[in-house]
Amino acid sequence: MPSSYPRFAANDGVIDAAKAALGDDLVEACERVGEIQLHVKRAGLVDVLRALRDTPGLEYQQLMEIAGVDYPARGDERFEVVYCLLSLTRNHRLHVHVRTDEATAIPSVTGLWPVAGWLEREVYDMYGVLFDGNPDLRRILTDYGFRGHPLRKDFPQTGYVELRYSEADKRVVYEPVQLAQDFRNFDFLSPWEGGAYQLPGDEKAAQAPGAPTPLKADEVKR
Amino acid sequence: MAGLPDAPDILRDSAYALSSPDALRPADPTVGDVEIKNYTINFGPQHPAAHGVLRLVLELDGEIVERVDPHVGLLHRGTEKLMESRPYLQNIPYFDRFDYCSPLCMEHSFVLGIEKLMGLEVPERGQYLRVLFAELTRISNHLLNLGSHIMDVGAMTPNLWLFEAREDTYGFFERASGARMHMNWFRPGGVHQDVPLKLLTDIGDWLDGRFKRLFEDAISLVADNRIFKQRNVDIGIVSRDDAIAWGFSGPMIRAAGIPWDIRRSQPYDVYDRMEFDVPVGTRGDCYDRFMVRVEEVRQSARIIKQCLSQMPEGPVLTNDRKAAPPRRGEMKRSMEALIHHFKLYTEGFHVPEGEVYVATESPKGEFGVYIVADGTNKPYRVKVRPTAFSHLQAMDFMMKGHMLADTTAILSAIDIVFGECDR
């Protein structure tokens with residue numbers, strides 16, 4: 001049986017072509033889990049994406065998605081913004097990663113793809129990442145007057161406010177969130193795989209090899 | 001609406017105030033000519049043709065639309081945030097609730113993404129069943145969209161007939177999964193349960209009998225109808241270049257004349273064994289989008305018939321016990337199976353570290369899922385790529401210069417569902 005997930009054109013040679021076209025702006029290019037990742041410098045982002053779109057042999061005509069990811073553990077430059085590109089002519093996909101922090105703006109690519117307008121607005125709304133050059137950087141999914149950026153890892157899942165219709169005021173009122181019971185966050189990780197705490201017998205781990213470390217996705221045999 | 005700090009003034013206006021007394025005030029009473037100002041109206045958020053909770057702020061010059069500012073997010077439920085704190089298996093039901101008109105196609109992207117990360121193999125029958133039910137979902141989705149499109153431009157009867165056929169598909173979904181709408185039936189590694197043989201034969205009979213009669217009758221009422229064409233032909237034309245630049249996909253990009261179908265060019269499951277045609281439009285207007293969907297329904301029926309004739313016997317879910325639970329009978333007898341069952345339904349399976357973007361051809365276009373896995377039993381980040389986001393964003397340029405009444409035609413030809421758009 002061939003693999004079940006969507007099978008696009010082979011990745012052979014794409015990294016070399018990208019290296020040749022992007023030059024110094026490319027920090028790292030790698031292939032993981034069958035997908036090409038290009039990590040690029042923030043300042044050169046527009047040039048990189050233009051090169052990926054217009055260079056013959058690369059031809060990534062469509063910007064399908066801009067995804068934000070928050071890695072608070074990374075310290076500065078905690079946000080990663082991922083541009084998922086699609087080539088209609090070469091039938092290939094790759095993603096371009098760029099990093100930033102809360103204060104530094106990423107150059108907007110609305111000049112290259114008008115579709116980037118809303119996609120950047122969403123990343124701004126959810127993470128507070130700024131985009132320099134986006135003509136309409138308003139919130140998009142959250143409420144009018146919402147405060148905070150809900151998909152940051154330090155934003156609580158319950159949020160800060162809740163709203164109800166007040167019969168006295170004849171309007172919807174916002175109030176600080178009150179939970180009838182504590183928010184339950186289960187620790188599903190088994191103690192011999194994930195926990196950071198010491199259990200009796202852990203000291204023997206150094207003496208004998210334990211269970212193998214789980215494989216990463218690009219090491220799984222397919 | 002008071003009490004919203006950032007609420008613009010328009011919120012306080014009546015939603016359907018079409019004209020204000022000032023709009024036609026004579027500039028100079030002695031001359032008698034009329035100063036016409038652009039005025040702004042709200043379309044929605046509660047409007048039967050908005051296909052959900054969409055608020056369009058329309059700037060009008062007379063009856064001509066000058067600018068459209070869609071306000072989305074009224075159905076935002078924070079699903080992506082919720083998914084970060086739940087095991088993978090508990091996240092599948094959330095996907096049913098994205099595009100609730102094509103739930104199984106939403107699940108499809110997610111389970112394929114997990115399979116790609118884990119390197120899971122899916123048994124042949126499982127793949128056939130997924131393709132079969134994804135296509136049945138496509139039919140169900142298109143029946144709703146075609147019907148409501150027809151109704152939005154003024155005809156009533158076809159919608160009622162198409163809903164009859166759509167109701168039948170819900171019966172099939174119920175017989176396969178136990179739920180009519182939110183099936184939660186696809187699993188990483190296959191599907192949850194096998195289907196009874198009678199269901200498959202019933203689907204085959206339905207396609208050739210009742211479905212064909214209802215569908216072709218309903219479409220024959222409008223496809224060549226002069227009034228229907230007047231409302232749709234040359235409305236909301238999108239060129240090939242615009243379709244690419246605005247990130248169009250699915251029927252929207254095919255109507256613009258680009259033969260792009262992920263099922264064909266990047267086949268997943270057993271789509272590479274299916275024979276089907278990819279319909280394309282010639283003008284890229286609302287009529288083309290409508291007719292592309294009509295033809296896709298016929299092609300989906302073709303794919304389902306091929307699935308029915310080719311589908312082998314065998315397991316429907318992978319035998320990898322670290323990803324899929326054992327059958328119930330086995331669980332009752334084997335201690336090992338019981339442990340696996342318990343672990344899978346409490347802790348869940350662990351997905352190896354990595355990140356993938358997996359996109360499938362949902363009935364509305366490219367539905368993608370970007371998963372960042374950190375090696376635990378919960379996703380670190382799931383980003384859903386809704387089709388409606390890029391299509392709705394293009395409303396502004398598609399509407400420019402059109403009449404107010406064309407809004408509904410263009411909107412329903414996009415095929416929007418807000419569960420998916422707002423997430």
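Every chain is numbered from 1 and lettered A, B, ... according to where its sequence line falls, protein lines coming before strand lines.
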Quick one: does any side-chain atom of [X] pair with a main-chain N or O of [Y] as donor and acceptor, under 3.5 Å?
| X | Y | value |
| --- | --- | --- |
| Arg32(A) | Glu355(B) | no |
| Lys81(B) | Phe155(A) | yes |
| Gln266(B) | Arg7(A) | no |
| Glu35(A) | Tyr357(B) | yes |
| Gln393(B) | Val115(A) | yes |

At their closest point, which heavy atom of [X] faces which heavy atom of [Y], and how far apart are they?
| X | Y | value |
| --- | --- | --- |
| Phe248(B) | Met64(A) | O-CE, 4.5 Å |
| Tyr5(A) | Tyr268(B) | C-CB, 3.8 Å |
| Val33(A) | Gly354(B) | CG2-CA, 4.3 Å |
| Leu151(A) | Glu84(B) | CD2-OE2, 3.9 Å |
| Ala245(B) | Pro114(A) | O-CD, 3.5 Å |
| Pro6(A) | Val358(B) | CD-CG1, 3.6 Å |

Per-residue contact mode, [X] against chain B (heavy atom under 4.5 angstrom):
| X | value |
| --- | --- |
| Leu86(A) | side chain |
| Leu215(A) | backbone |
| Asp70(A) | backbone |
| Ile140(A) | both |

*asked:* Quick test of your reading of the model: are Glu122(A) and Arg423(B) salt-bridged, counting only N-O distances below 4.0 Å?
replied: yes
*Does a side-chain N-to-carboxylate-O contact under 4.0 Å join Arg93(A) and Glu366(B)?*
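Salt bridge: yes.
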Would you mind checking which part of [X] comes under 4.5 Å of any heavy atom in chain A, side chain (CB onward), backbone (N, CA, C, O), both or neither?
| X | result |
| --- | --- |
| Leu75(B) | neither |
| Ala394(B) | neither |
| Val351(B) | neither |
| Asp69(B) | side chain |
| Leu82(B) | both |
| Trp246(B) | both |
| Val72(B) | both |
| Arg263(B) | neither |

With chain A as the partner, which of [options] has the greatest number of non-hydrogen pairs under 4.5 Å?
| options | answer |
| --- | --- |
| Pro70(B), Ala373(B), Pro386(B) | Pro70(B) |
| Ser249(B), Gly113(B), Gly247(B) | Gly247(B) |
| Gly375(B), Gly368(B), Gly78(B), Ala359(B) | Ala359(B) |
| Ser109(B), Ser265(B), Gly126(B), Pro267(B) | Pro267(B) |
| Asp422(B), Ile262(B), Val356(B), Val384(B) | Val356(B) |

Hey, does [Y] have a side-chain heavy atom less than 4.5 Å from the side chain of [X]?
| X | Y | answer |
| --- | --- | --- |
| Gln62(A) | Ile253(B) | yes |
| Glu80(A) | Val372(B) | no |
| Arg385(B) | Cys84(A) | no |

*Check the pair Lys383(B) / Val82(A) against side chain to side chain contact (heavy atoms under 4.5 Å, CB included), numbers first and verdict last.*
CA-CA 10 Å; Lys383(B) 175 74 179 76; Val82(A) 185; over 6 Å; no
Are more than 12 heavy atoms from other residues, nucleotides or ligands located less than 6.0 Å from atom [atom1] of [X]?
| X | atom1 | value |
| --- | --- | --- |
| Lys216(A) | NZ | no |
| Phe342(B) | CZ | no |
| Glu175(A) | CD | yes |

*Quick one: which of Ala9(A), Ala116(A), Gly68(A) has the most heavy-atom pairs under 4.5 Å with chain B, could you say?*
Gly68(A)
*Could you walk me through whether Arg138(A) and His71(B) pass the side chain to side chain contact (heavy atoms under 4.5 Å, CB included) test, one step at a time?*
CA-CA 11 Å; Arg138(A) 290 175 292 160; His71(B) 286 211; 3.9 Å; yes
Looking at [atom1] of [X] and [atom2] of [Y], how far apart are the two atoms once the value is rounded to the nearest 0.5 Å?
| X | Y | atom1 | atom2 | answer |
| --- | --- | --- | --- | --- |
| Arg53(A) | Ile244(B) | CZ | CD1 | 10.5 Å |
| Leu63(A) | Ser390(B) | CG | OG | 9.5 Å |
| Leu141(A) | Cys421(B) | CG | SG | 7.5 Å |

_The test is side chain to side chain contact (heavy atoms under 4.5 Å, CB included); show your working for Tyr370(B) and Val69(A) and say whether it passes._
CA-CA 10 Å; Tyr370(B) 177 71; Val69(A) 193; 4.1 Å; yes
*Classify the angle between the aromatic ring planes of Tyr71(A) and Tyr380(B) as parallel (below 30°), tilted (30 to 60°) or perpendicular (above 60°).*
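Aromatic pair Tyr71(A)/Tyr380(B) classed parallel.
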*Do Ser85(B) and Gln157(A) have side-chain N/O donor and acceptor atoms under 3.5 Å apart?*
yes
_side chain to side chain contact (heavy atoms under 4.5 Å, CB included), that's the test. Do Ser4(A) and Glu121(B) meet it? Break it down for me._
CA-CA 7 Å; Ser4(A) 55; Glu121(B) 285 220 359; over 6 Å; no
